[in-house]
Chemist: 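One structure coming up, written as structure tokens, with questions to follow.
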Amino acid sequence: MYSNSHYNPSTIDLTSLYKNTTTTYWDAANDADVPACAFFPASSKDVSTAIVALAKEPGVPFALKAGGHNWNRGFSSTDGGVLISFRPNLQNITLASDGQTAQVGPGAGWVEVMQKLDKSNKCAVGGRSGDVGVGGYVLQGGISYLTAQYGFASDNVVEYELVTANATILTVNNHTNPDVFWALRGGGNAFGVVTSYTLKAYDINQVWGGERTYGPDQLDKINSALTNFISGSQDPLAAIILDYVFVAENQTNQITVAYFYHGPTPSSVFETFMSIPYLADTTRTQRYPELLDTQVTSALGLRTSNVFNSLPNMPSTNMTSYLDWHWKQASDATLLSSRQAYGIELLSMALQPIPVALQRASGAHGAGALSLDPNNGDKLWIEYDVGWTKDAGDDILPQQLKSIADDALAYQKETYAGVNPTSYVSGDLSVVPYNPLFMNDAQYTQPVLRSYGQEAYNKLWSLHKRLDPQGFLTSRQNGFFF
Ligand SMILES: Cc1cc2nc3c(=O)[nH]c(=O)nc-3n(C[C@H](O)[C@H](O)[C@H](O)COP(=O)(O)OP(=O)(O)OC[C@H]3O[C@@H](n4cnc5c(N)ncnc54)[C@H](O)[C@@H]3O)c2cc1C
């Protein structure tokens, strides 16, 4: 099915479009799913029509595909159901004439959004890898190089156009539907299908950034610099994300630090990192989209799984020794003994600082269902990733990856009981450092909505029951549900 008055189906190669749509997933396991049909809506009305049609066929599953970058199998693919793809017809990007906001379709990729806005020296709070889709990324939170300054991507949505489970088209903002507006900011795909996001636009000019790669002999120095960066983080213009890579093609055990500074030259904030000897360096002054461009990837070509942990950032000595232990634990993982059997080509941990200053920025920009309390102290978020080639690994490897994350969490709780997170003021220490879970980095087994706290969970549940009493959205597609 192809719906767009601008395109004439007789001149479009629908076979190529179907093939391209069903085989460009980050998780290559999704490529094997064969939808009964693919639908390419060009408007909210088209999505509404699709929902009416699906409602008449109770047994038919469906999937929503924006960028197709979710690590969880079947989250944006369907075997035998209806695939609703927001590419190519809902990839629109329009900067408002006053330059304050940009209206973006769910199918747009972040690099194209930034390229378009950059022409007017503007940007949005968006993805760090170019081809990740706006659709899933924003609904599931969205952490950006700009998050320490402006909060999560979800904090920076001004308005959504939403098609609900009963096919009604709603304009959702803080005035029209404040409860839905709150839920969509971090609540995922349980409340409707978003056909348009109006995002805050911010000024941007030249930025500094890129990656430095380090050998494992620098681990202690990196860990120490990381924990001090988190607890001393005073400069909201600075961001880092670290990748501890245990297996990748042609290499083993290395550390990559991606640096970003919202300005042409960094302040002294990276001084400790800059003094650590490195193996390779791509940092330079450049335009923002160029920085994202270097990280463009549309499909990994591997079957994938990821898992998420939220951890307290502890005082430097504790945190450094914990991270040293964690590196050894992950690099010795049982999972790696089956490297040949399953064709494992990637095992890594991405470490993301969540200092209280970033948490305050999120609150100041209007946090919704995904909300952090700065009183709970500084945090470190870790995403664990595994990628493999052979389908024999499909059941076991996600479980083994989860065990690495669970063991690391249990060890931290046991070994450092009573150690307060840095910048801690209040909150139950057995709960708050470990929550919320971040939906964009979570495995399908993780109870993300529950991790938002009982009050938020109850609010989300009653809203879902009101908007979708039959559970159309939560029974026919995959996602993080109740
Ligand atoms: C290389 C790479 C880099 C990444 N970098 C970051 C990063 O910097 N920051 C970060 O926060 N995350 C990052 N992620 C995680 C990424 O944000 C999530 O995987 C996200 O789900 C991808 O969004 P998508 O639109 O590409 O996903 P899709 O796979 O298309 O969709 C993901 C989910 O969103 C739902 N969905 C999609 N569109 C809609 C819609 N319009 N309405 C309702 N539901 C919808 C789908 O049902 C599905 O459950 C990265 C992932 C990869 C693979």
Side-chain angles (χ1 to χ4, degrees), residues 21 24-28 30 41 44 47 51 61-78 81 83-87 90-91 104-111 113 125-147 151-154 157 160-165 172 183-184 186-197 239 241 243 258 260 291-292 295-302 304-306 308 346 348 350 352 354 370 381 383 385 387 438-444 448 473-474 476-481:
T21 304
T24 42
Y25 284 100
W26 182 254
D27 178 351
N30 289 329
S44 302
V47 171
I51 290 180
F62 69 92
L64 305 172
K65 184 184 183 201
H69 271 65
N70 202 278
W71 290 77
N72 291 296
R73 181 165 190 190
F75 269 44
S76 47
S77 69
T78 169
L83 179 65
I84 299 177
S85 170
F86 304 112
R87 292 181 180 176
L90 282 172
Q91 284 184 248
V104 181
W110 282 112
V111 86
V113 174
V125 178
R128 292 171 292 206
S129 288
D131 202 38
V132 171
V134 168
Y137 174 99
V138 177
L139 274 180
Q140 303 193 151
I143 190 160
S144 162
Y145 285 127
L146 300 166
T147 291
F152 295 105
S154 53
V157 183
Y160 303 84
E161 193 162 78
L162 181 77
V163 185
T164 63
V172 178
L184 290 179
N189 59 349
F191 305 93
V193 180
V194 178
T195 47
S196 174
Y197 299 78
I241 179 166
D243 234 342
F260 171 81
L291 177 68
L292 305 179
Q295 294 164 25
V296 167
T297 28
S298 56
L300 186 61
L302 299 174
T304 65
S305 184
N306 66 344
F308 175 81
L346 167 77
S348 65
Q352 172 72 62
I354 308 291
L370 169 66
W381 282 1
E383 181 197 8
D385 303 319
F438 185 55
M439 198 182 276
N440 264 342
D441 292 345
Q443 194 183 59
Y444 63 93
V448 177
L473 293 161
T474 47
R476 303 261 208 116
Q477 62 168 344
N478 291 319
F480 292 98
F481 300 138

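Just so you know, ligand 1 is whichever comes first in the structure, and atom 1 is the first atom listed for that ligand. If you're wondering where the values come from, they're calculated on a predicted model, not measured in any experiment.
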Chemist: Under the 3.5 angstrom rule, does the side chain of N478 hit a backbone N or O of G74 as a donor-acceptor pair?
Modeler: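 Between the backbone of G74 and the side chain of N478 there is a qualifying donor-acceptor contact (under 3.5 Å).
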Chemist: Hey, which atoms in ligand 1 end up nearer than 4.0 Å to a heavy atom of G192?
Modeler: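 Going through ligand 1 atom by atom, the ones under 4.0 Å from G192 are 43 (C).
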Chemist: N/O of N70 under 3.5 Å from N/O of ligand 1, yes or no?
Modeler: yes
Chemist: Using a plain distance cutoff, I'd like to know if R128 has any nitrogen or oxygen under 3.5 Å from a nitrogen or oxygen of ligand 1.
Modeler: yes
Chemist: Examine ligand 1 and decide if any of its atoms is less than 4.0 Å from a heavy atom belonging to G141.
Modeler: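 Heavy atoms of G141 never come under 4.0 Å of ligand 1.
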Chemist: What's the shortest heavy-atom distance between A442 and N72, and which atoms?
Modeler: O-ND2, 3.0 Å
Chemist: Which heavy atom in V138 sits nearest to a heavy atom in S154, and how many Å separate them?
Modeler: O-CB, 3.5 Å
Chemist: Hey, which atoms in ligand 1 end up nearer than 4.0 Å to a heavy atom of G142?
Modeler: 11 (O)
Chemist: Looking at non-hydrogen atoms alone, which of A63, S76, A258 comes nearest to atom 29 (O) of ligand 1?
Modeler: S76
Chemist: Which atoms of ligand 1 are found less than 4.0 Å from any heavy atom of K65?
Modeler: 30 (O)
Chemist: Hey, which atoms in ligand 1 end up nearer than 4.0 Å to a heavy atom of Q477?
Modeler: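 So the answer, numbered in order with elements, is 47 (O).
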Chemist: Measure across N306 and E383 and return the closest heavy-atom pair with its distance rounded to 0.1 Å.
Modeler: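 Where N306 meets E383 most closely, the heavy atoms are ND2-OE2, 3.0 Å.
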Chemist: Between the candidates V132, D385, N30, N306, which shows the shortest non-hydrogen contact distance to atom 4 (C) of ligand 1?
Modeler: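 Answer by nearest heavy atom: V132.
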Chemist: Mark the output for F438 as yes if a heavy-atom distance to ligand 1 is under 4.0 Å, and as no if none is.
Modeler: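 Contact check F438 vs ligand 1: positive.
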Chemist: Parallel, tilted or perpendicular: which describes the rings of W71 and W26, with under 30° parallel and over 60° perpendicular?
Modeler: perpendicular
Chemist: Would you mind listing which atoms of ligand 1 come within a distance below 4.0 Å of any non-hydrogen atom of G133?
Modeler: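 In order of number, 23 (O), 24 (P), 25 (O), 26 (O).
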Chemist: Polar-atom distance check: G127 versus ligand 1, any N or O pair below 3.5 Å?
Modeler: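 For ligand 1, there is no N or O atom that lies under 3.5 Å from one belonging to G127.
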Chemist: Do any N/O atoms on Y137 end up under 3.5 angstrom from N/O atoms on ligand 1?
Modeler: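 Yes, there is a polar N/O contact under 3.5 Å.
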Chemist: Answer whether the closest heavy-atom distance between the side chains of V113 and V134 falls below 4.5 Å.
Modeler: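 In contact.
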Chemist: Applying a heavy-atom cut-off of 4.0 Å, say which part of T195 lies close to ligand 1: side chain, backbone, both or neither.
Modeler: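 T195 to ligand 1: no contact under 4.0 Å from either part.
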Chemist: Any atoms of ligand 1 less than 4.0 Å from a non-hydrogen atom of I143? List them with their elements.
Modeler: 7 (C), 8 (O), 9 (N), 10 (C), 11 (O)
Chemist: Taking the cut-offs as 6.0 angstrom to the six-membered ring centre and 45 degrees off its axis, would you call R476 and F62 a cation-pi pair?
Modeler: no
Chemist: Of the side chain and backbone of A66, name the one, both, or neither that has a heavy atom under 4.0 Å from an atom of ligand 1.
Modeler: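 Looking at A66 and ligand 1, atoms from backbone and side chain both fall under 4.0 Å.
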Chemist: A258 and Y145: which non-hydrogen atoms are nearest, and at how many Å?
Modeler: CB-OH, 3.5 Å
Chemist: Mind telling me whether F75 and F480 have parallel, tilted or perpendicular rings, with 30° and 60° as the class edges?
Modeler: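 F480 and F75: perpendicular rings.
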Chemist: Measure the shortest side-chain to side-chain distance between Y137 and H69 over non-hydrogen atoms and say whether it is less than 4.5 angstrom.
Modeler: no
Chemist: Can you confirm, on distance only, whether ligand 1 has an N/O atom lying under 3.5 Å from any N/O atom belonging to D441?
Modeler: no
Chemist: Kindly compute the distance separating CG (N440) from CD1 (I143), expressed to the nearest 0.5 Å.
Modeler: 9.5 Å
Chemist: Taking 4.0 angstrom as the limit and counting only heavy atoms of W26, give me the atoms of ligand 1 inside it, by number and element.
Modeler: 1 (C), 53 (C)
Chemist: Does an N or O from V194, backbone or side chain, lie closer than 3.5 Å to an N or O of ligand 1?
Modeler: yes
Chemist: Looking only at non-hydrogen atoms, which of G136, A350, G67 approaches atom 37 (C) of ligand 1 most closely?
Modeler: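 The residue whose heavy atom sits nearest atom 37 (C) of ligand 1 is G136.
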Chemist: Report yes if some N/O of V134 lies less than 3.5 Å from some N/O of ligand 1; otherwise report no.
Modeler: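 No - when backbone and side-chain N and O of V134 are compared with those of ligand 1, no distance drops under 3.5 Å.
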Chemist: So, for D131 and R87, which heavy atoms are closest and what is the spacing to 0.1 Å?
Modeler: O-NH2, 3.3 Å
Chemist: May I ask you to decide if the ring planes of W381 and F152 are parallel, tilted or perpendicular, using 30° and 60° as cut-offs?
Modeler: parallel
Chemist: Using a 4.0 Å cutoff against the non-hydrogen atoms of G68, which atoms of ligand 1 qualify?
Modeler: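 Matching atoms, with element in brackets: 24 (P), 26 (O), 27 (O), 28 (P), 29 (O), 30 (O).
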